[in-house]
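Below you'll find the structure, written out as structure tokens, and then a few comments.
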Amino acid sequence: MSDIKPKFLEVYSALKSELLDDPAFEFTDDSRQWIERMLDYNVPGGKLNRGLSVIDSYKLLKEGKELSDDEFFLACALGWCIEWLQAYFLVLDDIMDGSHTRRGHPCWFRLPQVGMIAISDGLILRNQIFRILKKHFRGKPYYVDLLDLFNEVEFQTASGQMIDLITTLQGEKDLSKYSLSIHRKIVQYKTAYYSFYLPVACALLMAGENLDYHTDVKNVLVEMGTYFQVQDDFLDCFGDPEVIGKVGTDIEDFKCSWLVVKALERANEEQKKLLYENYGKDDRVCVAKVKELYQTLDIQGAFEEYESKSYEKILKQIEGHPSKAVQAVLKSFLAKIYKRQK
């Protein structure tokens, strides 16, 4: 996908220019400069995997046929809608979590003069998605399906975030309510739908497919998304902050992480007591004790076993799909995430 990234970024510039001249709002010089700075800081700075995957998936569904300039632009535009959605989620998520860094830089709300204006910026990011869709897809037969898809996935993701947040309520820290089933529910709704299903669903709609006939594809992608988030939980604790672009805070934030759920499964009573006493405290010593216990319980080994079994299961599901083009799309996704380091 590296060869299409420069062209993808050109489309970002085009979409940004359109949004800064949106006839529905009369911009002042200050507001236009603010929005441009906010967009450049929050939208294109990540790995762009979700957005690029729309183009990659659409190409594979076309089975090698050359994309027209219009098709390429539209696939890029849908990819950027997902990146806009991601930016909207992250801007608000960082405020809710009290995070400090994102993609190797201070979180947007941490910047001088930004602060809680970031909430307004998050809402603007969200609304700009539908400005892009209206301008470029309103005449397409799948326009209503696209609107429905983005609304559905946003609802699922926001609901997943809600489950995540209410399991970490301050003053109500209770590790006994953490389980693999709760973890899976959070992951499925908070991450899998928008990160894995949405890019492929966009490509399927562009290719003229009815999403109702592709529930099996959705199920495989949700399984992949679950695996991806377990990797994320692992990297939050054991990854290199220089590589992953942020300092992990799942332990301090009392997150329902796969690691703590596995630790609770493996721990004896004394070790559980240590977890209960130290998990969820913003204290270096407490965090170090939890990490040391993870080493003792060989959580790294448990993760490697999970990774291997998940990969085999997902690959088997993919190879059972009747369409070779869809298989190619799903395999390309799996290849991007298997044994990733960031």
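It should be emphasised that the depicted structure is a prediction, and the values quoted were computed from it without experimental measurement.
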Have Asp253 and Thr249 got a donor and an acceptor in their side chains that come within less than 3.5 Å?
yes
Mind checking whether Trp84 and Trp80 have parallel, tilted or perpendicular rings, split at 30° and 60°?
perpendicular
Kindly work out whether a path of hydrophobic side-chain contacts (I/L/V/M/F/W/Y, heavy atoms less than 4.5 Å apart) joins Tyr306 to Leu180.
yes
With the threshold set at 4.0 Å, does a side-chain nitrogen-carboxylate oxygen contact exist between Lys313 and Glu223?
yes
Is a donor on one side and an acceptor on the other found under 3.5 Å between the side chain of Gln231 and the backbone of Ile337?
yes
Working note: Asp56 + Lys336, criterion salt bridge (charged side-chain N to carboxylate O under 4.0 Å, His left out); need CA distance, chi angles, decisive distance, verdict.
CA-CA 12 Å; Asp56 197 32; Lys336 287 170 205 161; 3.4 Å; yes
Can you sort out the partners of Arg138 under side chain to side chain contact (heavy atoms under 4.5 Å, CB included), two or more places apart, ordered by chain and number?
Lys134, Tyr143
Tell me whether Asp29 at atom CG has more than 12 heavy atoms from other residues, nucleotides or ligands lying less than 6.0 Å away.
no
Ignoring hydrogens, what is the shortest heavy-atom contact between Asp236 and Gly248? Give both atom names and the distance.
OD2-CA, 3.1 Å
Give a yes or no answer on whether the side chain of Asp164 reaches the backbone of Gly160 with a donor-acceptor pair at less than 3.5 Å.
no
Verdict with supporting geometry, Asp148 and Tyr142, side-chain hydrogen bond (donor to acceptor under 3.5 Å, both in side chains)
CA-CA 10 Å; Asp148 189 49; Tyr142 53 88; over 6 Å; no
On a heavy-atom basis, the closest approach of Cys202 and Val54 is CB-CG1, 4.2 Å
So which heavy atom on Tyr279 is nearest to which on Asp250, and how close?
OH-O, 3.5 Å
Would you say the side chain of Leu61 lies within less than 4.5 Å of the side chain of Met206, judging by non-hydrogen atoms?
no
Taking every non-hydrogen atom, the tightest pair across Ser99 and Arg110:
O-NE, 2.9 Å
Has the side chain of Arg103 got a donor or acceptor atom that lies under 3.5 Å from a matching backbone atom of Tyr41?
no
Which heavy atom of Phe333 sits nearest to which heavy atom of Pro199, and what is that distance?
CZ-CB, 4.0 Å
Please step through ring-ring contact (aromatic ring centres under 6.0 Å, His included) for the pair Tyr12 and Phe8, ending with a clear verdict.
CA-CA 7 Å; Tyr12 164 75; Phe8 187 56; 8.9 Å; no
side-chain hydrogen bond (donor to acceptor under 3.5 Å, both in side chains) between Trp258 and Asp232: does it pass, once the steps are laid out?
CA-CA 9 Å; Trp258 185 86; Asp232 222 45; over 6 Å; no
Please name all residues satisfying side-chain hydrogen bond (donor to acceptor under 3.5 Å, both in side chains) with Tyr294, sequence neighbours left out, ordered by chain then number.
none
Should the pair Glu154-Arg126 be classified as a salt bridge under the 4.0 Å nitrogen-to-oxygen rule?
yes
